[in-house]
S.K.: 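Here it is, the structure, as structure tokens.
Bear in mind that the values here come from a model prediction, so they are computed numbers and not experimental data. Quick note: residue numbers are just sequence positions, from 1.
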Amino acid sequence: MIPEPAPTVRELLAFYLEAGVDCALAEEPVDRLAELDAPPPVPRVAPVEAPRPVAAPAMLRGEAASAPDVAIASAREAARTAPTLEALRELMQNFEGCALKHTATRLVFADGNPQARIMFVGEAPGRDEDIEGLPFVGRSGKLLDLMIGAIGLNRSTAYITNVIPWRPPGNRTPTPQETQICLPFIQRHIELVNPDVLVTLGNPSTQTLLSTREGIMRTRGRWFEYETGQRTIRALPTFHPAYLLRSPSYKRLAWQDLRAIAKVLALGST
């Protein structure tokens with residue numbers, strides 16, 4: 001009969017673990033339950049000398065101003081100096097104060113007739129707009145064309161732009177800081193176009209341009225006054241075409257808004 005080979009240390013340890021032996025036994029008995037109640041020993045640590053306080057450098061006047069505040073002031077100063085739409089476009093093209101510029105493909109300035117009596121302002125470009133460099137050219141743009149076509153308008157008789165001229169990454173909502181940085185540009189844009197009727201498309205552009213906190217359900221169909229500093233422009237909020245694509249039941253209300261716009265334009269031409 002051939003004797004079995006002696007187990008190795010690794011094999012013995014594996015056997016003991018399977019048998020439930022998880023600690024070594026000493027010659028004297030140890031009360032493991034009492035160990036649970038005893039506080040763990042506190043290791044002795046050599047005292048460490050506390051660091052000496054370092055005097056904080058004096059803060060210069062205005063140093064606490066955040067980068068967004070500087071960007072807003074820079075945008076306001078640049079927009080104010082633009083005498084024409086082409087000059088405004090060039091200033092925006094060269095503006096470095098908004099991070100959206102560095103993630104977008106190109107500036108989306110405007111489309112349509114700058115001499116038009118009506119100006120439509122949305123929130124921000126989407127993917128299709130970012131590719132083509134024109135506002136409202138995707139699905140929502142096609143619906144906008146149908147909407148304005150229903151009252152006898154098209155892109156040769158209307159002017160279209162957005163509050164934000166660069167596409168936010170992933171079509172996310174622009175942050176309040178991004179909106180405030182771009183606000184001086186759209187304000188100057190409206191001044192230079194000088195339309196008779198301003199139509200804000202959707203909640204963000206309505207709240208930004210008309211300085212209201214009410215939602216689009218309360219503001220749509222109501223006439224507001226938009227002050228440029230040179231004149232008062234009649235402004236009407238309505239639903240954004242993208243919202244109407246998601247909620248087609250509201251197209252009836254949008255049609256009522258369009259009829260009100262057509263009526264004002266007709267009265268203004270008589």
Side-chain angles (χ1 to χ4, degrees), residues 75-95 98 101 104-126 128-138 140-167 179 182-202 204-206 208-210 224-238 240-241 257-258 261-262 264-269:
R76 188 178 297 120
E77 182 62 28
R80 187 169 51 192
T81 64
T84 64
L85 289 174
E86 281 304 316
L88 180 64
R89 179 198 287 267
E90 185 175 355
L91 284 170
M92 294 169 66
Q93 192 73 55
N94 297 326
F95 184 70
C98 184
K101 174 184 177 181
T105 303
R106 55 176 55 83
L107 174 77
V108 179
F109 186 71
D111 192 20
N113 184 357
Q115 305 299 322
R117 297 177 55 218
I118 184 169
M119 182 175 184
F120 294 87
V121 182
E123 180 185 16
D128 295 320
E129 290 76 13
D130 184 54
I131 293 173
E132 295 194 30
L134 294 172
F136 287 92
V137 293
S140 61
K142 290 180 174 60
L143 179 55
L144 179 61
D145 289 342
L146 292 174
M147 291 168 62
I148 65 177
I151 57 172
L153 297 174
N154 54 47
R155 298 205 178 208
S156 66
T157 55
Y159 192 75
I160 305 168
T161 188
N162 286 301
V163 172
I164 307 293
W166 297 284
R167 179 201 180 196
T179 301
C182 295
L183 181 58
F185 293 122
I186 185 59
Q187 289 174 330
R188 183 58 177 157
H189 206 151
I190 296 171
E191 290 175 14
L192 291 171
V193 175
N194 196 25
D196 293 332
V197 175
L198 175 68
V199 181
T200 55
L201 298 169
S205 62
T206 298
T208 299
L209 294 177
L210 303 184
F224 288 74
E225 292 185 345
Y226 180 86
E227 299 290 343
T228 66
Q230 303 295 326
R231 64 176 290 210
T232 300
I233 298 174
R234 299 192 68 179
L236 184 78
T238 191
H240 194 286
D257 299 340
L258 290 169
I261 292 168
V264 167
L265 290 175
L267 289 175
S269 61

S.K.: State, with a plain yes or no, whether a side-chain heavy atom of Leu198 is found less than 4.5 Å away from one of Val121.
M.R.: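 Yes. Closest side-chain heavy atoms under 4.5 Å.
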S.K.: Can you name the residues that form a salt bridge (charged side-chain N to carboxylate O under 4.0 Å, His left out) with Glu191, not counting sequence neighbours?
M.R.: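 Partners of Glu191 under the salt bridge (charged side-chain N to carboxylate O under 4.0 Å, His left out) test: Arg188.
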S.K.: To the nearest 0.5 Å, tell me how far Glu77 CD sits from Arg80 CZ.
M.R.: 4.0 Å
S.K.: So, Arg106 side chain and Ile131 main chain: donor-acceptor pair closer than 3.5 Å or not?
M.R.: yes
S.K.: Going by side chain to side chain donor-acceptor pair (under 3.5 Å), name the residues that satisfy it together with Thr228, two or more places apart in sequence or in a different chain.
M.R.: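 Side chain to side chain donor-acceptor pair (under 3.5 Å) list for Thr228, sorted by chain: empty.
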S.K.: Using a 4.5 Å cut-off on heavy atoms from C-beta on, say whether the side chain of Asp196 contacts that of Arg231.
M.R.: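 Answer yes - side chains close enough.
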S.K.: Give a yes-or-no answer on whether the side chains of Asn113 and Arg155 include a donor-acceptor pair shorter than 3.5 Å.
M.R.: no
S.K.: May I ask you to test the Asn154-Asp145 pair for a side-chain heavy-atom distance under 4.5 Å?
M.R.: no
S.K.: Nearest heavy-atom pair of Ala104 and Trp166: which atoms, and what distance?
M.R.: CB-CB, 3.9 Å
S.K.: Taking atom OG of Ser140 and atom CD of Glu129, what is their separation to the nearest 0.5 Å?
M.R.: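 Rounded to the nearest 0.5 Å, the OG-CD separation comes out at 5.5 Å.
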S.K.: Kindly write out the residues that satisfy side-chain contact (heavy atoms from CB on, under 4.5 Å) with Asp128, not counting sequence neighbours, or none if the list is empty.
M.R.: Val137
S.K.: Taking all heavy atoms of Pro83 and all of Leu192, pick out the closest pair and write down the distance.
M.R.: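 What the structure gives for the nearest pair is O-CD2, 3.5 Å.
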S.K.: Mind jotting down which residue pairs meet the ring pair (Phe, Tyr, Trp, His ring centres under 6.0 Å) criterion with at least one end in residues 76-95? Sequence neighbours excluded, please.
M.R.: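 Qualifying pairs: Phe95-Phe185.
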S.K.: Just jot down the side chain to side chain donor-acceptor pair (under 3.5 Å) partners of Lys142, sequence neighbours excluded, or say none.
M.R.: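 Result, side chain to side chain donor-acceptor pair (under 3.5 Å) vs Lys142: none returned.
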S.K.: How long is the straight-line distance from CE of Met92 back to CG of Leu85, given to the nearest 0.5 Å?
M.R.: 10.5 Å
S.K.: For Phe224, enumerate each residue passing the ring pair (Phe, Tyr, Trp, His ring centres under 6.0 Å) test, keeping only those at least two apart in sequence or located in another chain.
M.R.: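 Checked Phe224 against ring pair (Phe, Tyr, Trp, His ring centres under 6.0 Å); zero matches.
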S.K.: Does the side chain of Thr206 pick up a donor-acceptor pair with the side chain of Thr200 at under 3.5 Å?
M.R.: yes
S.K.: By salt bridge (charged side-chain N to carboxylate O under 4.0 Å, His left out), which residues pair with Asp130, not counting sequence neighbours?
M.R.: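 Asp130: no salt bridge (charged side-chain N to carboxylate O under 4.0 Å, His left out) contacts found.
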S.K.: Under the side-chain contact (heavy atoms from CB on, under 4.5 Å) test, which residues partner Thr179, sequence neighbours left out?
M.R.: Val163, Ile164, Pro174, Thr208
S.K.: Residues two or more places apart in sequence or in another chain: which of them pass side chain to side chain donor-acceptor pair (under 3.5 Å) with Gln230?
M.R.: none
S.K.: For Thr232, enumerate each residue passing the side chain to side chain donor-acceptor pair (under 3.5 Å) test, keeping only those at least two apart in sequence or located in another chain.
M.R.: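 Applying side chain to side chain donor-acceptor pair (under 3.5 Å) to Thr232 gives Glu227.
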S.K.: Determine the minimum heavy-atom distance between Ile118 and Leu265, stating which atoms define it.
M.R.: CD1-CD1, 4.1 Å
S.K.: Looking at Ile148 and Ala158, what are the two nearest heavy atoms and their distance?
M.R.: CD1-CB, 4.5 Å
S.K.: Would a 4.5 Å heavy-atom cut-off, applied to side chains only, mark Ile160 and Leu134 as touching?
M.R.: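 Contact flag for Ile160/Leu134 side chains = no.
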S.K.: Given side chains that start at C-beta, do those of Met147 and Leu258 come closer than 4.5 Å, heavy atoms only?
M.R.: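 Answer yes - side chains close enough.
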S.K.: When rounded to the nearest 0.5 angstrom, what distance separates CG in Leu88 from NE2 in His189?
M.R.: 6.5 Å
S.K.: Run the numbers on Tyr226 and Leu210 for side-chain contact (heavy atoms from CB on, under 4.5 Å), then give the verdict.
M.R.: CA-CA 7 Å; Tyr226 180 86; Leu210 303 184; 4.2 Å; yes
S.K.: Quick check: closest heavy atoms across Pro165 and Leu107, and the distance to 0.1 Å?
M.R.: CB-CD1, 3.4 Å
S.K.: Quick one: ring pair (Phe, Tyr, Trp, His ring centres under 6.0 Å) partners of His240, sequence neighbours excluded?
M.R.: Phe136
S.K.: Got a sec, which residues hit side-chain contact (heavy atoms from CB on, under 4.5 Å) with Pro195, two or more places apart in sequence or on another chain?
M.R.: Met119, Ile190, Val193, Ile233
S.K.: Just verifying a value: how many Å separate Cys182 SG and Ile186 CD1, rounded to the nearest 0.5 Å?
M.R.: 9.5 Å
S.K.: I need the Leu201 CG to Asn162 CG distance, nearest 0.5 Å.
M.R.: 8.5 Å
